[in-house]
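Below, chain A is the first sequence line, B the second, and so on; all start at residue 1. Computed from a predicted model, the values in this text were never measured in an experiment.
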There are 2 protein chains.
Amino acid sequence: MVRITDVARRAGVAPSTVSYALSGKRPISAETRRRVEESVRELGYRPLTGTRAAGGGHWPNVLALVAPLRAGVDPRTVMEYAGAVVTAARGHDHDVLLVTRGEGVEGLRRVVESTPANALIVADTEPHDARLPWLRTLDRPSVLIGHPADTTGLTCVDLDFGAAGELCVEHLAGLGHRVVALVGAPPEVYLRDTGDAQRVVRGFTAAAARHGLSSSVLPCPASPAAARAVAERLLRERPALTGVVVHNKAVVKPLIDAFGALGLRVPADLSVAAVGSTSLPVTSVDVPATELGAGAVDLLIRILNGTPVPEATLLPPQLTHRATTAPRTTP
Amino acid sequence: MVRITDVARRAGVAPSTVSYALSGKRPISAETRRRVEESVRELGYRPLTGTRAAGGGHWPNVLALVAPLRAGVDPRTVMEYAGAVVTAARGHDHDVLLVTRGEGVEGLRRVVESTPANALIVADTEPHDARLPWLRTLDRPSVLIGHPADTTGLTCVDLDFGAAGELCVEHLAGLGHRVVALVGAPPEVYLRDTGDAQRVVRGFTAAAARHGLSSSVLPCPASPAAARAVAERLLRERPALTGVVVHNKAVVKPLIDAFGALGLRVPADLSVAAVGSTSLPVTSVDVPATELGAGAVDLLIRILNGTPVPEATLLPPQLTHRATTAPRTTP
DNA sequence: AGGCGAAGTCGAAGCGCTTCGACACTTCCT
DNA sequence: AGGAAGTGTCGAAGCGCTTCGACTTCGCCT
């Protein structure tokens, strides 16, 4: 193992000079710097990062990204979080340590407590996540991606799902649609008060009222059969329907297919917009994974700097117009 | 910041006693240990991991996982690597640092050299990866997931694609098929000698010869149209064909559809097996991402321990029988 | 009673690194 | 010429931690 004294000896200078030459914290003559750098290269010297913490230097900044890497969660989204977090963290001179969900909260606790990271980003949290109590008492700052039911004592970023619901309605209203429906999550999700789902409903309903649209909301289980049933029911009960917002990833395609089978062409007869990322060419408010990851890092850095931050940060939604929405054809 | 001396003072013992109480490297009375642990808890003491390296202790083990998190690569596979690497690494008491491809090799170099990791796992390498020369001269050990054209001076794990090709043929031969074809990668891939592609061809051809099967190989661009053309050509030139192996993810579904359109039912008239993971219910030799990740960590640990390891480790393929292959119906 | 080994604790030294204060040397200004 | 104001370098001290050797206590065996 090569130490700073080895480099110093080879370059014919004092260890402190090497330190200054490498850190640039004091002026060093060009010639000396050159010799030091050469010695570093030749010996393959790599300062032992940790020992800087002693001697008053900076502790190498490491933040842990806690993400379930294998569960049912959409890997593409998690990857996008991860990429964004790494990039943003590097911008703030932080490294990112990967922590997968250990066996249960207890395992996670052990892993995190033995980890050299001084801050946490927890991706994919649920409204009543079992990790929340633990996070609240953790001695290291953390930022959640997602939106717990109770945010007190926590910091989190999420897409503003309420605004997303509104945005979809506004988009449809702007296209001239007067009768709209929201096809939402499976019924059981609403019972377990999954914040997102209800926020979308609230935004959707409020915006529809504001624009004087006739609106209805239907939960929908995540199966093609359920999608067909919902489509049929909508056509039966709301024959004037021309705009649909879907907040249920699994059901977007089946639903469009079902409407097609029932004789409604999308978007000619019926406009469909989705809340949440799909891989389909559907007009949608995507989950801005990159912005969420970057936002989480940003909040964390602010916390580490001692700046006060709000408990919940909601990112403004952005609607991407794709092939499934169009102006209402005058009836 | 809480130091070991603070804990010691509160527990009424010497700092060294705290150190021993926590590390267990010398016997400490139950009572003293209790008091130390209590003080640790009350003060929220967390030893500054890095400074252990000084004083002769162990440097905290960190390995860097270099993975392109956003490129065109299949995120599901990358995630699976990542998960497996993290799990395996934890088993060997290592943390995993995430490094995304910085801007070009140069950026990557800077990031990695400033990173406290003492070993690297590089996922998704290409046969002539631009990073190879750099990895060869790197002063830290590394293991690649993938198979460089030239492995000298490197360590890598990969699926044994040659054996995968053979395995598919054996599977088909076992089902009674006598005339088989391999639909491979786009032609340009073969020109750029992408190792995998050619290894599959070699395995396929050798196994076919060994089993006395009539075989042919066709490259295929990654478009539905190309798939259709290949299907037509196969039927024209090899009317007796009953078994097809596809080593081209993008084309599996289009190809099956094309055969269907030409009047051949899969698997009744034609058996189709794929090399490489698809999300379709197709008989296939999947890329064992979990095993690859775990294998990479394993190799790395062995290297770090000074055990010599082979340059290339090839994992035996495993064929999963699904709905697209069946015994040949006697003609 | 005396000796011995084990158990338990402490102080001091040392790890690789950074930082502080001091020193020598150069430049530039009057 | 003589000082002030940089420049560039060094030695020593110190960071939080571990480890080593030494010391005290204690129970146990002769």
Next on the checklist: Taking atom CD as the centre, does B:E311 end up with more than 12 heavy-atom neighbours from other residues, nucleotides or ligands that are less than 6.0 angstrom away?
Outcome noted: yes
Item to check | Test log, rule side chain to side chain contact (heavy atoms under 4.5 Å, CB included), inputs A:L97 and B:V96 | outcome: CA-CA 6 Å; A:L97 209 64; B:V96 176; 5.8 Å; no
Item to check | Separation of D:dT18 P from B:R3 CZ (nearest whole Å) | outcome: 15 Å
Checklist entry - Salt-bridged, A:E31 to A:R35, with N to O below 4.0 Å? => result yes
Next on the checklist: Under a 4.0 Å threshold between the charged nitrogen and the carboxylate oxygen, would A:D6 count as salt-bridged to A:R10?
Outcome noted: no
Next on the checklist: Testing the 3.5 Å rule here: is there a donor-acceptor pair between the side chains of A:N305 and A:T307?
Outcome noted: no
Atom pairs under 3.5 Å: protein N/O with N/O of nucleotides 7-9 of chain D:
| residue | atom | partner | partner atom | Å |
| --- | --- | --- | --- | --- |
| D:dT9 | OP1 | A:S29 | OG | 3.0 |
| D:dT9 | OP1 | A:T32 | OG1 | 2.2 |
| D:dT9 | OP2 | A:S29 | N | 2.9 |
| D:dT9 | OP2 | A:S29 | OG | 3.4 |
| D:dT9 | OP2 | A:T32 | OG1 | 3.4 |
| D:dT9 | O4 | A:R26 | NH1 | 2.8 |

Checklist entry - Above 12 or not: heavy atoms from other molecules or residues under 6.0 Å from CD of B:E42? => result yes
Next on the checklist: Using the side-chain heavy atoms of B:Y45, tell me which of these nucleotides is nearest: C:dT19, C:dG11, D:dC17.
Outcome noted: D:dC17
Item to check | Below 4.0 Å: OP1/OP2 of D:dT19 and any side-chain N or O of B:K25 | outcome: yes
Checklist entry - Salt-bridged, B:R41 to B:E38, with N to O below 4.0 Å? => result no
Next on the checklist: If the threshold is 4.0 Å, N to carboxylate O, is there a salt bridge linking A:R34 and A:E37?
Outcome noted: no
Item to check | Atom-to-atom span, CD1 of A:I4 to P of D:dC15 - whole angstrom | outcome: 18 Å
Checklist entry - Tell me: CG of B:L48 to C1' of C:dC17, nearest whole Å? => result 13 Å
Checklist outcome for this item: Heavy-atom nearest nucleotide on DNA chain C taken for A:S16 and for B:P15; more 5' hit belongs to B:P15
Checklist entry - Quick one: bend of the helix from C:dA1-D:dT30 to C:dT30-D:dA1 from 5 pairs per end, to 10°? => result 50°
Checklist entry - Separation of B:L22 atom CG from D:dT19 atom P, in whole Å? => result 12 Å
